[in-house]
A.B. asks: 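Structure incoming, see below.
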Amino acid sequence: MQAYDALPRPLRAWLAKAALPWSPACCRRIWAKARAAGASPDDILDRLDRAEQKTLSRDRFSLPAMSRASLTDQQDQRQ
């Protein structure tokens, strides 16, 4: 819990709503590296959002993947 509490406020807020179980240590490393490279907090949070969405889209049990599978099944039935 101390690792979570030590995160910057915007990162804690993002982590609290994240769909995946990100570790505070991993998020802290991403944050520190991006800040050192000059990224703004909003840029970093956008980057984390994109990474999470990419990971979720690869998961065959995720909602987007299931929606695509359902759509494909419907199209196959029509043919």
A.B. asks: Below 4.5 Å, heavy atoms only, C-beta onward: do Cys27 and Trp14 meet side chain to side chain?
C.D. replies: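 With C-beta onward as the side chain, the pair touches.
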A.B. asks: Would you find a donor on one side and an acceptor on the other, under 3.5 Å apart, between the side chain of Arg35 and the backbone of Ala39?
C.D. replies: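 Here the side-chain-to-backbone pair exists.
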A.B. asks: Is the shortest side-chain N to carboxylate O distance from Lys17 to Asp49 below 4.0 Å?
C.D. replies: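 The answer is yes: the pair qualifies as a salt bridge.
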A.B. asks: Which atoms form the tightest heavy-atom contact between Leu7 and Arg12, and what is the distance?
C.D. replies: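 Reported closest heavy-atom pair: O-NH1, 2.6 Å.
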A.B. asks: Just do the salt bridge (Lys or Arg N to Asp or Glu O under 4.0 Å) check on Arg47 and Asp42 with the steps written out, would you?
C.D. replies: CA-CA 9 Å; Arg47 189 179 307 175; Asp42 287 338; over 6 Å; no
A.B. asks: Rounded to the nearest 0.5 Å, how far apart are CG of Leu20 and CG of Leu56?
C.D. replies: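 If I round to the nearest 0.5 Å, the distance is 4.5 Å.
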A.B. asks: Please check: side-chain N/O of Glu52 versus main-chain N/O of Ala19, any donor-acceptor pairing under 3.5 Å?
C.D. replies: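 Flag set: sc Glu52 to bb Ala19 pair under 3.5 Å.
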A.B. asks: Output, in order, the C-alpha distance, side-chain angles, deciding distance and verdict of side-chain contact (heavy atoms from CB on, under 4.5 Å) for Leu48 and Leu11.
C.D. replies: CA-CA 10 Å; Leu48 287 167; Leu11 187 53; 3.6 Å; yes
A.B. asks: Looking at every heavy atom in both Tyr4 and Pro24, which two are closest together, and how far apart are they?
C.D. replies: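 Minimum heavy-atom separation between Tyr4 and Pro24: N-CB, 3.9 Å.
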